[in-house]
Amino acid sequence: MVKNLNDKVRYIGCDDLDLDLFESQYIVPEGMAYNSYLILDEKVAIMDTADARKADEWKANLKEALGGRTPDYLVVHHMEPDHSALIEWVLGEFPALTLVASAKAIQMLGQFFENLNVDGRTLAVKEGSELELGSHKLRFIGAPMVHWPEVIVSFDEADGALYSADALGKFGALSKCGFYGRDDDDWACEARRYYFNIVGKYGNPVRTLLDKTAQLPIKTIRPLHGPILEDNLDEYLNLYNTWCRYEVETEGIFIACASIHGGTLEAAEKLVDILRAKGAPKVEVSDLCRSDFAENVEDAFRHSKLVLAASSYDAGVFTPMYEFLHRLQIKGFCNRKVGIIENGSWAPSAGRVMKEMLSTMSNIEIVEPMVTIKSRMKAADIPALEALADAIK
């Protein structure tokens, strides 16, 4: 797709509607966009490339947008392969072109392209560096660990555009979710799932980047994934500020359940009824065995409180719960109240393992009582569920 963003800037990215799993782990029912841009000024700059899956389409987009001109620069904001796969082709196609990137990104080139010779063809930029293109001038801002160490973003003063790399991106092809954020029915839903699963561990670096860019006269944000953002920028940035600070977005309780034969799920659903009867503002339950793990991670971060309900399994905890908690560990889950329901037929062990895994996370308050179910919920278990509801609602 080639689209004019203004008289000198073109969108040359590609939609991928056939991708089953992004990064071989995240389901993307609405596909994925690999965004790339071209600035046609006195000097011509390509702003990132695309994934190898869309190589032919991206090359065609580039040549159409160039209209016979020769690019002077390839700006690489991020070296992850879904944005950098065509670097070697670009350098071979345009022998006079200079690659512009952070020193760390230039150092990483050999890790992805074994025989690539870039001697005399690179320009290392850092915080405060500028690249004059004519009426357009790129000012570079360091963004290490958002979410790789080599990342740099750029701000174009001419049209107030922030090229934000993977920050402020989302899952979804533009043909599905809309080219601009204003066309997107629910930007936050897939942006949140993307943020907490892709970038979320690195909240502090994201916060640093947001602080650096807060005083810039930003009029549009051009990420490497998802729609271009122009209207209501405060809405998007406020959400990102909430997410990167690990703050609560939605007051409510998320109940994550891993049940083998249904007994644990029955207890979790009873807790939902009790909580709602007691006036809890929002309660959601998810069956970890049959739902998207990335959405479950998103919901845990989104809500103010979490309840874990799991069966015991092999003297530990049922594997879907183990996987869920492992993902929360590596994504930096913190600052939440957590309740626990365990189930075991002869030697309940799930609660112990869940507590151990939670103990590795920062500022987690485990509320009492921990509820223990023996095989199936019975009338005698209801008072303990009532007490747990009172403690966490």
Side-chain angles (χ1 to χ4, degrees), residues 1-2 10-16 18-26 32-40 43-127 129 131 133 138 140 142-154 163-166 169 198 222-225:
M1 175 196 315
V2 176
R10 308 287 183 267
Y11 176 87
I12 57 170
C14 308
D15 275 355
D16 191 344
D18 300 319
L19 183 66
D20 58 342
L21 294 174
F22 180 69
E23 292 190 350
S24 296
Q25 57 181 321
Y26 302 109
M32 201 68 188
Y34 309 119
N35 295 341
S36 177
Y37 309 89
L38 182 70
I39 300 175
L40 294 159
K43 298 286 188 178
V44 177
I46 304 167
M47 309 294 275
D48 299 290
T49 65
D51 191 280
R53 291 171 52 87
K54 306 302 290 185
D56 291 342
E57 182 179 341
W58 184 84
K59 293 173 187 178
N61 289 349
L62 173 64
K63 291 188 175 182
E64 177 186 339
L66 283 170
R69 294 192 64 180
T70 300
D72 300 280
Y73 301 108
L74 169 60
V75 178
V76 176
H77 293 96
H78 183 20
M79 277 297 300
E80 201 164 6
D82 52 327
H83 310 299
S84 67
L86 304 175
I87 287 175
E88 187 170 24
W89 177 85
V90 170
L91 289 171
E93 188 75 4
F94 305 105
L97 177 140
T98 298
L99 185 147
V100 180
S102 69
K104 183 68 174 177
I106 293 169
Q107 177 187 338
M108 293 174 73
L109 285 168
Q111 298 173 206
F112 292 95
F113 307 103
E114 184 176 4
N115 299 311
L116 182 63
N117 182 359
V118 294
D119 290 348
R121 299 192 62 187
T122 63
L123 174 63
V125 291
K126 59 184 179 180
E127 181 93 25
S129 297
L131 184 66
L133 302 175
L138 298 176
F140 292 94
M145 298 317 301
V146 184
H147 55 123
W148 278 26
E150 87 301 350
V151 175
I152 198 159
V153 305
S154 62
Y163 293 91
S164 63
D166 269 351
I198 305 291
R222 297 171 182 162
L224 286 175
H225 293 298

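Below, each value reflects all heavy atoms present in this structure, side chains not excepted, and no hydrogens, waters or symmetry copies. Position 1 is the first residue of the sequence; numbering continues from there.
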request  = Could you go through the side-chain contact (heavy atoms from CB on, under 4.5 Å) check for L138 and M47 one step at a time?
outcome  = CA-CA 11 Å; L138 298 176; M47 309 294 275; 3.6 Å; yes
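- Between D48 and H78, the side chains place no donor N or O within less than 3.5 Å of an acceptor N or O (distance only, hydrogens not considered).
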inquiry  = If you apply the rule side-chain contact (heavy atoms from CB on, under 4.5 Å), what do you find for K104 with M79, and how did you get there?
reply    = CA-CA 10 Å; K104 183 68 174 177; M79 277 297 300; over 6 Å; no
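- Under the 4.5 Å side-chain criterion, counting only non-hydrogen atoms from C-beta, E93 is in contact with K63.
- Evaluated for a side-chain contact (heavy atoms from CB on, under 4.5 Å) with L97, the options T70, D72, V44, L74 yield exactly one hit, L74.
- Once rounded to the nearest 0.5 Å, the distance linking CG of D82 with CG of N35 reads 10.5 Å.
- Between F140 and V100, some side-chain heavy-atom pair lies under the 4.5 Å cut-off.
- Closest heavy-atom contact between S164 and P223: OG-CA, 3.3 Å.
- Formation of a donor-acceptor pair under 3.5 Å by the K126 side chain with backbone atoms of G142 is not found in this model.
- Between P81 and W148, the closest heavy-atom pair is CD-CH2, 4.1 Å.
- Scanning both residues, A101 and I106, for their nearest heavy atoms gives O-CD1, 3.8 Å.
- The structure places OG1 of T49 at 10.0 Å from CH2 of W89, a figure rounded to the nearest 0.5 Å.
- Counting heavy atoms from C-beta outward, V125 and I152 have side chains that approach closer than 4.5 Å.
- The CD atom of Q25 sits 6.5 Å away from atom CD1 of I198, with the distance rounded to the nearest 0.5 Å.
- Minimum interatomic distance between G13 and N61 (heavy atoms only, all atoms of both residues): O-ND2, 3.1 Å.
- Summarising the geometry of A52 relative to A85, their closest heavy-atom pair is N-CB, 3.4 Å, with the distance given to 0.1 Å.
- R121 places a side-chain N or O within 3.5 Å of a backbone atom of P95 that can act as its donor or acceptor partner.
- Within the model, atoms CG of L109 and CD of E150 stand 10.0 Å from one another, a figure rounded to the nearest 0.5 Å.
- For the pair D166 (side chain) and H225 (backbone), a donor-acceptor distance under 3.5 Å is absent.
- Rounded to the nearest 0.5 Å, atoms CD1 (I12) and NZ (K59) are 13.0 Å apart.
- The one candidate from Y11, Y37, Y163 that meets the side chain to side chain donor-acceptor pair (under 3.5 Å) condition with R222 is Y163.
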message = Walk me through whether F112 and I87 qualify under side-chain contact (heavy atoms from CB on, under 4.5 Å).
response = CA-CA 10 Å; F112 292 95; I87 287 175; over 6 Å; no
task = Might you work through the side-chain contact (heavy atoms from CB on, under 4.5 Å) test for L123 and L131, ending with a clear yes or no?
result = CA-CA 10 Å; L123 174 63; L131 184 66; 4.0 Å; yes
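- Interatomic distance, D16 CG to Y34 OH, rounded to the nearest 0.5 Å: 4.0 Å.
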